[in-house]
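Below is one structure; the comments refer to it alone.
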Amino acid sequence: QGSPAAGLKTTVEYHLKAIKTKFSKFPDSEFDDPARKFSMEPETIFEGITDQSGRTNFNFKSPPLAMAPGKMRMALKTTIFEKGGNFSTDNTQQDFDPFSYYCGLALPSNSYGQKEFEVDREFKVDFTSVNPEGSAIPGRTLSIGLYKLEWRWWWDQDDDYEISRYR
């Protein structure tokens, strides 16, 4: 709005964070990997001067997201510094999918609605493979591992044993 922001100092910061991966067709399924964490501090990806039209271009390369737990959100903060010392800031965010498909797991619930099962009893687990829009992808081969964890009080005290977060 107003006159072009020609020749003004500009900075752009970005921040990525993991968000809950959910699909309305599969409300009981968990699509996020609880053994993976993703965290980062905001990073400046551009510092420069706008052209005569108040525009600028820059290249952005996302960090590797192969270890993301699920869907992600990118927040951009753009700051334009006016010649008189004032500045304007714009914040925007966009959700995106780092994967071309997601695998979901639906565990049985106990009488209180908590997801759990007893080790020495039969139980049913549903697996689902979906695309980023939440449509099922039939015929996909999944590799599944089941692990029995033993409780150790010190696991809950140490971040080195993150697998205990979902024992």
Side-chain angles (χ1 to χ4, degrees), residues 1-107 113-115 127-137 140 142 149 152-167:
Q1 297 177 351
S3 61
L8 298 182
K9 179 183 172 192
T10 303
T11 63
V12 180
E13 285 184 350
Y14 87 108
H15 180 245
L16 294 174
K17 72 176 187 174
I19 59 173
K20 181 80 174 156
T21 306
K22 53 188 173 182
F23 302 99
S24 59
K25 293 179 185 174
F26 305 99
D28 296 330
S29 294
E30 177 66 43
F31 290 93
D32 292 311
D33 185 340
R36 295 181 181 185
K37 280 187 176 179
F38 185 92
S39 65
M40 69 169 286
E41 294 295 320
E43 288 185 26
T44 300
I45 56 173
F46 177 77
E47 286 184 315
I49 305 294
T50 59
D51 66 14
Q52 291 303 92
S53 300
R55 298 178 181 268
T56 189
N57 291 311
F58 61 92
N59 293 320
F60 169 71
K61 184 176 179 183
S62 174
L65 296 174
M67 293 303 291
K71 289 185 180 262
M72 302 291 290
R73 176 171 292 148
M74 180 168 73
L76 288 174
K77 176 183 174 185
T78 304
T79 306
I80 307 281
F81 297 89
E82 299 173 15
K83 292 186 172 138
N86 290 332
F87 61 90
S88 297
T89 302
D90 180 61
N91 292 292
T92 186
Q93 57 187 12
Q94 179 67 46
D95 297 349
F96 68 96
D97 294 285
F99 306 113
S100 56
Y101 66 89
Y102 294 90
C103 295
L105 168 72
L107 293 173
Q114 298 168 318
K115 305 282 185 185
F127 295 95
T128 307
S129 182
V130 299
N131 64 18
E133 291 75 38
S135 298
I137 304 173
R140 188 155 182 86
L142 304 176
L149 301 176
R152 300 285 190 266
W153 66 267
W154 59 88
W155 283 2
D156 290 333
Q157 308 300 316
D158 190 346
D159 286 340
D160 290 338
Y161 297 100
E162 291 194 23
I163 198 165
S164 71
R165 289 185 299 127
Y166 58 97
R167 61 176 161 76

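- When all heavy atoms are compared, the tightest approach of Gly70 to Pro98 is O-CG, 3.4 Å.
- Counting heavy atoms from C-beta outward, Ser135 and Lys25 have side chains that approach closer than 4.5 Å.
- The closest side-chain heavy-atom distance from Leu76 to Glu13 is not below 4.5 Å.
- Not one N or O on the side chain of Thr11 forms a donor-acceptor pair closer than 3.5 Å with the backbone of Lys9.
- When atom types are taken as modelled, the side chain of Asp33 and the backbone of Ala35 share a donor-acceptor pair closer than 3.5 angstrom.
- Pairing each heavy atom of Ser29 with each of Thr128, the nearest pair is OG-OG1, 4.0 Å.
- Environment of CZ in Phe96: crowded, with over 12 heavy atoms of neighbouring residues, nucleotides or ligands closer than 6.0 Å.
- Rounding to the nearest 0.5 Å places CG of Asn91 at 8.5 Å from CD of Gln93.
- Rounding to the nearest 0.5 Å gives a distance of 9.5 Å between CZ of Arg73 and CD of Gln94.
- The closest donor-acceptor contact from the side chain of His15 to the backbone of Met74 lies at 3.5 Å or more, if one exists at all.
- Side-chain contact between Leu65 and Leu16 is present, with heavy atoms from C-beta onward closer than 4.5 Å.
- From Leu8, atom CG reaches atom CD of Glu82 across 7.0 Å, with rounding to the nearest 0.5 Å.
- Atom CD1 of Ile45 sits about 5.0 Å away from atom CZ of Phe60, to the nearest 0.5 Å.
- The environment of NZ in Lys115 is crowded: more than 12 heavy-atom neighbours from other residues, nucleotides or ligands sit within 6.0 Å.
- Going from atom OG1 of Thr44 over to atom CZ of Phe46 covers 11.5 Å, rounded to the nearest 0.5 Å.
- By the 6.0 Å contact criterion, OH on Tyr101 is open, its count of non-hydrogen atoms from other residues, nucleotides or ligands being 12 or less.
- Not a single donor-acceptor pair under 3.5 Å links the side chain of Thr78 to the backbone N or O of Val12.
- For Arg140 (side chain) and Val130 (main-chain N/O), no donor-acceptor pair under 3.5 Å exists by modelled atom type.
- Under the 4.5 Å side-chain criterion, counting only non-hydrogen atoms from C-beta, Lys17 is not in contact with Ser39.
- Using a 4.5 Å cut-off on side-chain heavy atoms (C-beta onward), Glu43 and Tyr14 make contact.
- Side-chain contact check for Thr89 versus Lys77: some heavy-atom pair is nearer than 4.5 Å.
- In terms of modelled atom types and a separation under 3.5 Å, the side chain of Asn131 and the main chain of Glu133 share a donor-acceptor contact.
- You'll find the side chain of Glu47 stays beyond 4.5 Å of the side chain of Phe58, heavy atoms only.
- Here Phe23 pairs with Phe31, Tyr102 under the ring pair (Phe, Tyr, Trp, His ring centres under 6.0 Å) rule; sequence neighbours left out.
- A donor-acceptor pair is defined here as one N or O able to donate and one able to accept, closer than 3.5 Å; no such pair exists between the side chain of Thr10 and the backbone of Ile80.
- Around atom CG of Asn57, no more than 12 heavy atoms belonging to other residues, nucleotides or ligands sit under 6.0 Å away.
- Atom OG of Ser129 and atom CG of Leu142 lie 6.0 Å apart (nearest 0.5 Å).
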